[in-house]
Amino acid sequence: ASFEPSELPRGPFPVRQRLVALVVVQFVVFVGLLTVLGLWPADTGGRGFVLLLLILMTLVLPVALALIAAPIVHHVESLERQLDDALQLYGRARSDALLDGLTELGNHRAFQEELARQLVIAERHGTPLCLLVVDVDDLKRVNDERGHAGGDALLVAVGRLAMTHVRRSDRA
């Protein structure tokens, strides 16, 4: 089973905004209930106490909820930074895993993924697909006569030629 960063649960709103919305909703509901209780015509005896409580809660509750939420927000922001760092590292590692270190061309795995992607695109659009395979003749002889450094230099040169002489829409 492979892991993709797109599978991570990342909603449309950051956690900080969700937490603030939750605090605001709790505050509005609480103050609304106190308002209804304090202004309800049938209960005039406790009206003054409820109004005093309402004013007190209007001043104290947002500060108290913000103080309670502050450590949570701090930890969430730290986790979000760590997640962003991990996603960047994952992207870099995935890119490195698909590139040949010598030629900087895609490796076999990258080739398989790109070929599958191109086949789907060609089928979807009803367009032909062309695949060009280049074989470096006598690479073994170059390695034998000039050493593996000579063979590596030849592969690098072929890779550069391939990268610089394909159209932008094509992949080497």
Side-chain angles (χ1 to χ4, degrees), residues 1-29 62-172:
S2 67
F3 164 77
E4 290 297 324
S6 59
E7 297 171 7
L8 290 173
R10 294 184 64 107
F13 301 106
V15 174
R16 176 184 281 246
Q17 289 175 335
R18 290 179 185 174
L19 196 55
V20 168
L22 179 63
V23 168
V24 168
V25 167
Q26 288 175 343
F27 176 74
V28 168
V29 168
V63 174
L65 291 175
L67 289 173
I68 291 170
I72 298 170
V73 169
H74 174 72
H75 289 297
V76 167
E77 288 174 341
S78 174
L79 289 172
E80 285 178 340
R81 283 191 300 275
Q82 290 175 11
L83 176 61
D84 288 341
D85 292 346
L87 289 174
Q88 285 180 348
L89 288 172
Y90 173 80
R92 228 178 294 142
R94 178 158 168 65
S95 175
D96 290 346
L98 295 174
L99 286 181
D100 177 69
L102 181 64
T103 63
E104 296 180 8
L105 293 174
N107 60 18
H108 181 74
R109 181 176 175 189
F111 168 75
Q112 295 297 326
E113 289 180 8
E114 183 65 22
L115 180 60
R117 202 173 13 258
Q118 292 298 329
L119 286 170
V120 168
I121 291 170
E123 186 175 330
R124 181 183 314 134
H125 296 286
T127 57
L129 178 66
C130 179
L131 174 64
L132 175 65
V133 178
V134 177
D135 180 31
V136 180
D137 287 336
D138 297 322
L139 179 61
K140 181 181 177 344
R141 196 181 89 219
V142 172
N143 280 338
D144 290 344
E145 291 176 6
R146 299 182 182 215
H148 287 284
D152 288 352
L154 176 61
L155 290 175
V156 168
V158 170
R160 283 195 186 127
L161 278 171
M163 282 192 284
T164 58
H165 287 83
V166 296
R167 298 176 301 185
R168 277 191 154 177
S169 60
D170 296 336
R171 288 254 331 231

Between atom [atom1] of [X] and atom [atom2] of [Y], what is the distance when rounded to the nearest 0.5 Å?
| X | Y | atom1 | atom2 | result |
| --- | --- | --- | --- | --- |
| Leu89 | Asp85 | CG | CG | 6.5 Å |
| Asp144 | Asp138 | CG | CG | 10.5 Å |
| Glu145 | Lys140 | CD | NZ | 10.5 Å |
| Leu129 | Ile121 | CG | CD1 | 9.5 Å |
| Glu113 | His108 | CD | NE2 | 10.5 Å |
| Leu155 | His148 | CG | NE2 | 11.5 Å |

Inspect the surroundings of CD in Glu104 and state if more than 12 heavy atoms from other residues, nucleotides or ligands are less than 6.0 Å away. no
Kindly indicate whether the side chain of Gln82, heavy atoms from C-beta on, has any atom under 4.5 Å from the side chain of Leu79. yes
Heavy atoms, side chains only, cut-off 4.5 Å: are Leu105 and Met163 in contact? yes
Side-chain donor or acceptor of Asp100 paired with backbone N/O of Thr103 under 3.5 Å: yes
Report the residues that fulfil salt bridge (Lys or Arg N to Asp or Glu O under 4.0 Å) with Arg92, sequence neighbours left out, ordered by chain and then residue number. none
With sequence neighbours left out, what residues match Arg160 under salt bridge (Lys or Arg N to Asp or Glu O under 4.0 Å)? none
